[in-house]
Amino acid sequence: MKKITMLDVAQKANVSKSTVSQYINNRYEYMAESTKMRIEDAIRELGYIPNFVAKSLKQKKSSTIGVIVANILHTFSTEIIRAIEDVCEKNEFHLFVCNADDNPEKERAYIDMLLAKQVDGLIIFPTIGNEDQYKRLKLSNFPIVFVDRKLEKTIYPTLLLDNERAAEIAVQEIVQKGHRKIGLVSMSLSQKVTPRIERINGYKKTLKQNDLPVKDDWIIAAERKDIIPELEKMWLKEETPEAFFATNDLSLIELLKFLRKKNLKVPDDVSVIAVDDSDFLEISATPITAIKQPTFEIGNDAASVLLDLIRNPQFEEVYEIKRYAPALVERESL
């Protein structure tokens with residue numbers, strides 16, 4: 001991929017290179033609005049990284065990093081942020097934290113903002129849609145670490161759970177308790193989020209290994225607001241699951257809301273297991289069995305790898321994905 005220059009922007013916007021430079025440095029008091037819009041469009045379309053940012057990557061150190069999480073509401077995200085912050089504090093680095101809401105445009109805006117603030121590196125829970133921007137940053141040898149989600153080509157260090165194994169443990173635990181009719185609740189797959197896809201795949205594989213049917217009617221993958229309505233539809237059918245695997249903490253919350261609404265008791269009426277452990281699972285009316293992610297280890301490693309890249313900017317063309325082992329936390333919901 002050709003590295004985009006200020007001259008490329010100038011030619012596309014049909015202006016001089018000095019005019020582009022004035023725009024980038026916020027010196028456009030007397031610049032026509034149409035000219036500003038052409039330059040802005042050219043920068044966005046070409047994915048240009050301004051030279052002052054590129055220089056800062058090689059020469060200046062701000063001792064700050066940015067963390068862009070996909071959804072800060074997840075316990076998983078907040079625990080990883082805490083671990084990253086601990087490592088940064090020990091190394092006298094500061095932290096910017098941004099929440100992309102699983103929105104590629106919002107993520108892209110945050111990347112641009114953090115680059116403008118001249119952060120030394122980024123830890124990103126990547127959304128689908130900004131691959132070109134990641135590739136351009138790689139061309140500039142800009143340090144990035146991906147967490148929780150992977151790209152088709154792992155151009156940066158990538159750390160995430162062994163999601164299929166997590167699903168296998170969860171479903172196998174349900175089966176060992178004697179349940180045969182097992183449903184699944186997940187957040188939406190519209191953004192092709194790695195852990196959601198992999199956990200559903202693991203669920204299906206483990207059902208097949210146990211000679212149990214994979215029933216599409218018992219699989220819900222929806223936006224959070226739609227999970228309870230989808231469960232309502234499921235409960236209108238003649239046969240319903242006797243146990244559920246919730247693929248993360250937010251889908252579990254919606255499942256538990258629905259069960260309470262229906263006056264269904266856990267585990268007497270319906271058994272439940274979920275990926276992502278948290279304190280509230282331990283103190284809920286029925287403590288929930290969970291598959292725990294090593295969040296503090298992942299956060300610690302992500303920060304350590306990023307700081308190493310910042311200090312020693314030697315990049316590999318492709319990285320192997322580092323997978324973390326899930327752990328079963330047995331409670332009373334099965």
Side-chain angles (χ1 to χ4, degrees), residues 24-26 49-101 106-127 130 133-151 154-161 278-279 292-317 319-324:
I24 288 170
N25 290 287
N26 299 321
I49 301 171
N51 280 345
F52 74 86
V53 174
K55 288 178 181 176
S56 77
L57 307 180
K58 297 178 181 177
Q59 299 171 5
K60 300 177 184 178
K61 297 298 178 189
S62 62
S63 293
T64 59
I65 67 169
V67 179
I68 305 175
V69 298
N71 189 336
I72 206 165
L73 292 176
H74 290 291
T75 303
F76 168 79
S77 301
T78 55
E79 289 181 354
I80 285 183
I81 291 167
R82 173 57 194 271
I84 293 169
E85 196 274 335
D86 286 345
V87 174
C88 287
E89 183 184 20
K90 290 175 186 174
N91 288 273
E92 298 184 344
F93 266 71
H94 300 288
L95 202 63
F96 290 109
V97 177
C98 304
N99 174 45
D101 277 332
K106 194 171 179 182
E107 179 190 87
R108 180 181 288 268
Y110 277 134
I111 291 173
D112 291 342
M113 179 271 288
L114 291 167
L115 290 174
K117 290 185 178 296
Q118 300 186 22
V119 296
D120 297 328
L122 293 171
I123 295 172
I124 303 176
F125 297 49
T127 60
N130 289 324
Q133 191 174 30
Y134 306 145
K135 290 174 184 175
R136 292 186 186 101
L137 289 168
K138 179 72 177 282
L139 285 174
S140 297
N141 289 330
F142 184 73
I144 292 179
V145 173
F146 290 142
V147 172
D148 189 47
R149 304 169 181 198
K150 65 184 179 71
L151 303 183
T154 49
I155 60 174
Y156 280 113
T158 302
L159 318 177
L160 66 158
L161 184 72
S278 68
D279 291 340
K292 184 176 179 61
Q293 300 197 53
T295 49
F296 287 93
E297 182 183 356
I298 295 171
N300 181 85
D301 288 353
S304 299
V305 170
L306 184 66
L307 293 183
D308 284 344
L309 280 177
I310 291 168
R311 291 162 178 158
N312 305 293
Q314 298 179 6
F315 295 85
E316 299 175 19
E317 185 175 343
Y319 290 84
E320 284 192 18
I321 296 171
K322 182 171 183 179
R323 297 275 185 175
Y324 293 80

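Throughout, residue positions are numbered sequentially from 1 according to the sequence presented.
With hydrogens and angles disregarded, a donor-acceptor distance shorter than 3.5 Å links the side chain of Tyr156 to the backbone of Lys138. Between the side chain of Thr154 and the backbone N or O of Glu320, no donor-acceptor pair lies under 3.5 Å. Lys150 contributes no side-chain N or O that, together with a main-chain N or O of Ile321, makes up a donor-acceptor pair within less than 3.5 Å.
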Dump the intermediate steps for side-chain contact (heavy atoms from CB on, under 4.5 Å) on Ile124 and Asn130, then the final yes or no. CA-CA 11 Å; Ile124 303 176; Asn130 289 324; over 6 Å; no
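Going from atom OG1 of Thr64 over to atom CG of Asp120 covers 5.5 Å, rounded to the nearest 0.5 Å. The distance from atom CG of Asp308 to atom CD of Gln314, rounded to the nearest 0.5 Å, is 11.0 Å. Separating the CG atom in Asn300 from the CG atom in Leu159 is a distance of 10.5 Å, to the nearest 0.5 Å. Atom-to-atom distance recorded for Ser63:OG and Gln118:CD is 12.5 Å, nearest 0.5 angstrom. Here CG of Leu160 is found 11.5 Å from NZ of Lys322. Values are rounded to the nearest 0.5 Å. Atom CD1 in Ile65 sits 10.0 Å away from atom CG in Leu114 (nearest 0.5 Å).
What you find for Tyr134 and Leu151 is that their closest heavy atoms are CD1-CD1, 3.5 Å. Of all heavy-atom pairs spanning Pro157 and Leu309, the tightest one is CG-CD1, 4.0 Å.
In terms of the side chain to side chain contact (heavy atoms under 4.5 Å, CB included) criterion, residue partners of Pro294 (sequence neighbours excluded) are, by chain and number, Leu161, Glu297, Ile298, Tyr324.
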Atom pairs and distances, donor-acceptor, side-chain atoms in residues 79-87, under 3.5 Å, two or more places apart:
from	atom 1	to	atom 2	distance (Å)
Glu79	OE1	Thr295	OG1	2.6
Arg82	NE	Asp86	OD1	3.1

Can you give me every donor-acceptor pair (side chain of residues 92-100, partner residue at least two apart or in another chain, under 3.5 Å) with its distance?
from	atom 1	to	atom 2	distance (Å)
Asn99	OD1	Ile72	N	3.0
Asn99	ND2	Asp101	OD1	2.9

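Contact of the Tyr319 side chain with the Phe146 side chain is not registered, since no non-hydrogen atoms from C-beta on lie closer than 4.5 Å. Arg311 is listed as a side-chain neighbour of Asn91, based on a closest heavy-atom distance under 4.5 Å. When side chains are defined from C-beta on, Val69 does not count as touching His74, because their heavy atoms never get closer than 4.5 Å.
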